[in-house]
Amino acid sequence: MIPVPYYLEVSSPGTERKLKSSKEYEIFKGSRVKVKLKKAIENDLKTFIGILSDYDTETGLKIQLEDTNKIIQLEESNISQIKLEPKYEF
């Protein structure tokens, strides 16, 4: 079919993919995520890991913090980066 030698490379966003849209927030509800904020909230909390428990276009994201199980509400405009954070167990 192809008359010349070639290499086929296949890639994916990976297990630590960045979430970039409201559609991805919906798809990955219940997933473990790492969040970096532009401005710190609640006792200088700026980077943390938790579970993406809910998303709404009007109210933003709800994250259940991994260390305290507290649920916090985040505005999308304050999020610098949010990505999947798989839990590696050995």
Side-chain angles (χ1 to χ4, degrees):
M1 291 181 76
I2 301 174
V4 295
Y6 67 95
Y7 290 97
L8 176 64
E9 292 185 25
V10 179
S11 64
S12 72
T15 57
E16 295 177 1
R17 76 181 294 150
K18 292 180 184 176
L19 304 183
K20 299 177 182 174
S21 68
S22 56
K23 183 178 177 181
E24 289 180 328
Y25 297 149
E26 289 290 335
I27 291 169
F28 291 104
K29 275 185 188 176
S31 297
R32 189 171 185 251
V33 293
K34 182 174 185 177
V35 181
K36 293 182 182 180
L37 300 176
K38 294 175 185 175
K39 295 179 185 176
I41 59 169
E42 298 183 23
N43 301 325
D44 296 326
L45 189 61
K46 194 166 182 178
T47 300
F48 52 89
I49 294 175
I51 303 296
L52 175 57
S53 59
D54 197 15
Y55 171 74
D56 183 270
T57 53
E58 293 179 17
T59 59
L61 293 98
K62 286 184 182 177
I63 308 285
Q64 181 179 359
L65 299 178
E66 186 173 72
D67 54 350
T68 63
N69 288 330
K70 181 179 178 182
I71 295 178
I72 58 171
Q73 185 82 31
L74 301 174
E75 296 176 11
E76 276 187 85
S77 61
N78 191 27
I79 297 173
S80 171
Q81 181 183 71
I82 182 169
K83 65 180 187 172
L84 296 178
E85 183 71 15
K87 190 169 190 171
Y88 300 107
E89 295 184 29
F90 300 98

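Index from 1, following the sequence. What you see is a predicted model; the values in this text were computed from it and never measured. Computed from heavy atoms alone, side chains included, the values below leave out hydrogens, waters and symmetry copies.
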Can you find a heavy atom in the side chain of Asp54 that is under 4.5 Å from one in the side chain of Ile71? no

Please find the pair of heavy atoms, one from Ala40 and one from Lys46, that lie closest to each other, and give the distance. CB-CB, 4.2 Å

So for atom NZ, which belongs to Lys36, do other residues, nucleotides or ligands contribute more than 12 heavy atoms lying within a distance under 6.0 Å? no

Are there over 12 heavy-atom neighbours, none belonging to Gln81, within less than 6.0 Å of that residue's CD? yes

To check you understand the geometry: which heavy-atom pair defines the closest contact between Pro86 and Glu16, and what is its length? CD-CG, 3.6 Å

Worked verdict on Val33 versus Ile49 for side-chain contact (heavy atoms from CB on, under 4.5 Å): CA-CA 6 Å; Val33 293; Ile49 294 175; over 6 Å; no

Who else is in the cluster with Ile51 when I, L, V, M, F, W and Y are joined by side-chain contacts under 4.5 Å? none

Roughly how far, to the nearest 0.5 Å, is CD of Glu26 from CG of Asp56? 8.5 Å

Which atom names give the shortest non-hydrogen contact between Gly50 and Ile63, and what distance separates them? CA-CG2, 3.9 Å

Could you tell me which non-hydrogen atom of Lys18 sits nearest to which non-hydrogen atom of Glu24, and how far apart they are? O-OE1, 3.7 Å

Within a reach of under 6.0 Å around NZ of Lys83, are more than 12 heavy atoms found that belong to other residues, nucleotides or ligands? yes

Those residues at least two apart in sequence (or on a different chain) that pass ring-ring contact (aromatic ring centres under 6.0 Å, His included) with Tyr25 are Tyr55

